[in-house]
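Below: the structure, in structure tokens.
These numbers were taken from a predicted model, which means no experiment stands behind them. Every chain is numbered from 1 and lettered A, B, ... according to where its sequence line falls, protein lines coming before strand lines.
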Amino acid sequence: MDYVSNGALMAAVWLSAPGRLVLDAIIASTAGIGLLLSFILGRRAMRRQYFHRRDERVFALRQNWEAILSGAVPAANWRKEPLDSEIVEEMLLDDIEAAHMARHSGEAARLLNVLRSSGLLATRLHEATAYEGWRRRRALVALGRTRAPEAVPVLARALEDPELETRVAAVRGLGGTGLPEAAIEMLDRVAGRGLSTPGLTLQNSLLNCCQGRPEILRPYLHQPEGRPREMLARVLGELATPAMEEDILLLAADPLPEVRASAARALGVARPASAVELLSELVKDREWFVRLRAVVAVGTIEDARVIPILIEALCDENRYVRLRAAGALAQMGPRLEQIVSKVIETHDRFALHAIISEIERAGGVARLFSAISDPSRREDATAALMQALRAGQEQVRSAARAERKPAVVPKSAKGNS
Amino acid sequence: MLLKFILFSNYSLFFYYLASNLIYLALLIIALMASLRHRRRLASIRLDRLRHSPLAPPITLLAPAHDEEKSIIESARGLLALDYPELELIVINDGSTDRTLDVLAEYFQLRPADLLYIPEIPSAPVRGVYISQNEPRLVVVDKEPGGNKADAVNAGLNAASKPYVCIVDADSILERDSLLRIMVPILADPKRVVAAGGIVRVLNGSRVADGQLTEVHLPKSWLEVLQVIEYLRAFLIGREAWAAGNMLNIISGAFGIFRLDLVKAVGGYRATAIGEDFDLVTRLHRYLLDQEMDYKISFVPDPVCWTEVPADLRSLARQRARWHKGLLDVLWPNRDMLFRPAYGRFGSISLPYMWFFELLAPVVELVGYTTIILAAVLGVLSREYFLQFLIYGYAFGTMISIGAVLQEEITYKRYNDWRDVVRLVLYCFFEHFPYRQMYLVWRLQGFWQYFRRDFVWRPMKRIGFQSGAAKK
């Protein structure tokens with residue numbers, strides 16, 4: 001067989017098997033290109049037109065905004081146009097949000113009444129119960145933004161939906177209301193059968209709803225196990241008040257480290273009478289991140305009793321805990337020289353270097369020097385600086401060599417004084 | 001015999017491209033679904049609360065800089081202006097031969113400082129550590145040149161004091177809320193998520209003011225626009241889809257966040273690595289799977305890092321050859337992970353894909369071109385086959401590229417000017433010739449350089465940020 005007939009044979013074989021597939025693939029790809037192009041360009045064109053029209057209508061409706069709110073322009077006039085209806089709803093929801101942020105409860109109530117009287121709220125309630133999929137989810141989120149108490153039972157029912165996205169929308173909606181009764185609906189489920197939604201979404205919603213009355217968390221704090229318990233503790237960590245001291249105390253002794261870490265955070269936020277004592281225990285916790293959170297909390301408390309706790313934390317085996325403690329100590333301006341002296345007494349070279357680093361970073365070295373010129377502080381400051389100099393680079397280097405991995409590279413003259 | 005070879009080659013090529021394209025199609029569909037899901041979820045996360053939250057874990061930003069005097073001030077200012085409750089910025093001056101350190105010292109009033117520096121990870125000697133007198137969050141580490149970015153990052157890792165490190169390129173611009181956004185998966189699941197990558201996009205053509213991007217436009221030159229398409233395809237399709245299955249194999253060196261303890265546990269960046277970002281993520285996977293840890297490495301498509309891409313062919317050729325060298329440099333030492341059950345999906349899906357459809361792609365392509373030429377010379381080239389195969393490759397490749405543009409359009413929509421979108425779509429049709437063939441040559445050069453042990457770093461020609469004016 002010569003090459004030409006070989007070529008023909010190959011072409012024949014090719015066309016009989018993969019060739020057909022290739023033809024199909026070409027057709028499919030070309031169709032795909034066409035569809036994608038039409039979609040991109042068509043969508044652009046439609047969106048352009050839509051936004052142009054929308055801008056015009058927004059302007060027109062804004063001109064008559066007060067008349068719409070007062071009812072001088074009857075709702076039936078703008079509700080018959082779906083675009084107008086959508087714009088008015090959006091504007092009302094934005095204004096409700098702004099009114100709540102500015103704490104104008106009267107204005108928020110007036111706007112909510114417009115939603116009610118115009119039938120927009122009823123439409124959303126209907127969509128949230130009668131429909132499925134994205135229409136329902138959009139309605140759930142919009143209902144949350146209305147902050148209407150009558151939306152809460154509808155939103156709560158959606159928490160039972162088998163679709164995760166719908167449950168997420170319901171949680172978002174409940175969070176959007178910012179109402180304690182919405183929090184109770186979520187908490188009941190978290191403490192009971194559990195609520196399967198992304199933790200961060202649920203946590204944000206609970207934070208929003210419990211802000212005004214964090215005490216509603218109390219009956220639920222000790223019920224759930226595992227992750228839900230950690231999540232509730234985190235919410236408490238953000239919103240705790242001194243009145244919740246007992247709950248924090250219990251959480252501080254919890255077997256879950258994440259819960260203990262949140263208790264430490266709560267102590268820093270609420271600062272109850274027992275905060276310093278409890279935190280002094282938590283900085284000795286076996287989990288480093290609990291100790292870290294405790295040190296961060298201790299650093300926020302302005303009390304002389306925290307200095308020894310922070311100095312102890314400065315000798316922690318974990319680097320982050322040491323650095324956090326050093327950072328907090330370095331901020332304690334007037335007591336700096338005593339702090340350095342006490343750190344020197346620990347004979348912990350890493351602790352000393354950590355505090356010197358942080359003091360340097362915070363510009364505290366200059367303060368130490370200025371303390372020398374003050375007769376009442378001279379003795380402490382001089383001793384601190386002398387000790388610091390003696391316990392400087394060489395000691396850190398030898399200590400580092402003694403450690404398993406770390407070693408210190410001598411810095412050249414250019415960078416270090 | 002020759003005929004049999006040509007026939008075999010034809011069939012093999014066909015099935016190779018079919019498999020490759022089907023995988024890309026699957027990745028496109030997964031990516032579209034993942035980004036839509038991400039956007040819906042994002043709507044329920046309150047970034048404003050995170051912005052002021054003392055609970056947000058502190059972050060150290062590491063910005064290695066080598067001869068960046070043109071852009072370093074704007075870049076550092078941009079990084080310091082990021083929305084995040086607690087961050088420190090460590091600029092590592094990697095033995096710059098220009099005035100990088102001087103301009104930093106002048107602008108930020110640097111002074112030498114005696115900060116704790118324990119070289120747990122080896123790097124070239126550190127000449128000094130400086131802190132700023134007008135910006136307490138800034139630390140500058142001045143070191144001897146290490147010859148590569150990895151060495152500079154390692155020096156920065158030693159100086160980092162926060163539990164998370166975000167590695168960025170000093171010549172890149174992060175969007176103001178990008179740190180908040182990249183932290184979303186970590187905050188949602190801090191125990192499992194050990195690292196996260198953001199999207200890197202092409203800065204050329206856009207406007208920059210005060211270290212921040214003010215207007216997004218496509219670049220003017222064809223070479224840069226084609227790179228825009230490549231970046232969209234790589235990030236919005238590839239990384240998004242791989243991350244959805246927890247098989248992400250690269251977190252771009254231009255923008256990624258990592259748990260510092262884990263990066264240190266794997267020994268930081270491998271100083272000799274050519275593709276240090278790919279190498280680090282692969283070693284993290286290996287370490288975490290060896291430890292049998294339940295972990296996740298995430299990709300977040302909306303925290304955007306804008307970076308300058310090569311505007312001339314010479315720089316682009318060098319960059320692409322280096323990337324391919326880097327790929328080989330990581331895949332070869334980690335070949336023992338292939339198909340080993342201990343390495344799960346990463347070892348049995350992600351790495352084999354990288355081997356067969358990324359690393360070996362230029363070889364297969366070269367064999368394809370050779371076969372066609374050979375068949376033509378011998379007179380056995382079936383024109384029908386050739387034409388069909390050409391049209392098929394062209395149409396499918398174009399469709400995938402347009403798919404990436406679609407992904408950008410329906411989700412993130414950074415190009416607001418419709419002319420930019422039209423140009424972007426048009427260029428999807430033109431990237432197959434001669435750009436694809438040039439790319440093939442550059443990748444083969446990468447192979448050649450690797451086998452010749454040519455690991456010299458060849459810098460890219462940079463324009464620098466132009467405040468208030470569009471670049472290019």
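Between Ala395(B) and Ile33(A) the shortest heavy-atom distance is O-CD1, 3.3 Å. Closest non-hydrogen pair, Tyr415(B) versus Arg44(A), comes out as O-NH2, 2.6 Å. In terms of heavy-atom proximity, Met399(B) sits nearest to Leu36(A) at O-CD1, 3.4 Å.
Here SG of Cys428(B) is found 7.5 Å from CD1 of Ile40(A). Values are rounded to the nearest 0.5 Å. How far OG of Ser29(A) is from CG of Asn21(B): 7.5 Å, rounded to the nearest 0.5 Å. The CD1 atom of Ile26(A) sits 5.5 Å away from the CD atom of Gln388(B) when rounded to the nearest 0.5 Å. Separating the CZ atom in Arg234(A) from the CG atom in Leu187(B) is a distance of 9.5 Å, to the nearest 0.5 Å. Distance check, rounded to the nearest 0.5 Å: CD1 of Ile410(B) to CZ of Phe39(A) gives 6.0 Å. With rounding to the nearest 0.5 angstrom, the CZ atom of Arg324(A) is 9.0 Å from the OG atom of Ser161(B).
Counting heavy-atom pairs closer than 4.5 Å to chain A, the top-ranked of the candidates Asp261(B), Ile400(B), Ile391(B) is Ile391(B). Between chain A and the options Leu18(B), Leu110(B), Val140(B), Leu260(B), heavy-atom pairs under 4.5 Å are most frequent for Leu260(B).
The part of Lys162(B) that comes within reach of chain A is its backbone (N, CA, C, O), which places non-hydrogen atoms under 4.5 angstrom from that chain. Interface remark: Val141(B) contributes no atoms to any contact with chain A (heavy atom separation under 4.5 Å). Contact annotation for Ile121(B): neither backbone nor side-chain heavy atoms come within less than 4.5 Å of a heavy atom of chain A. With a 4.5 Å cut-off on non-hydrogen atoms, Phe429(B) touches chain A through its side chain but not through its backbone.
The 12-atom threshold is exceeded at CD of Gln109(B), counting heavy atoms of other residues, nucleotides or ligands nearer than 6.0 Å. By the neighbour-count criterion of 12 heavy atoms within 6.0 Å, atom CZ of Arg48(A) is sparsely surrounded, having that number or fewer from other residues, nucleotides or ligands.
Glu409(B) is not listed as a side-chain neighbour of Arg47(A), based on a closest heavy-atom distance of 4.5 Å or more.
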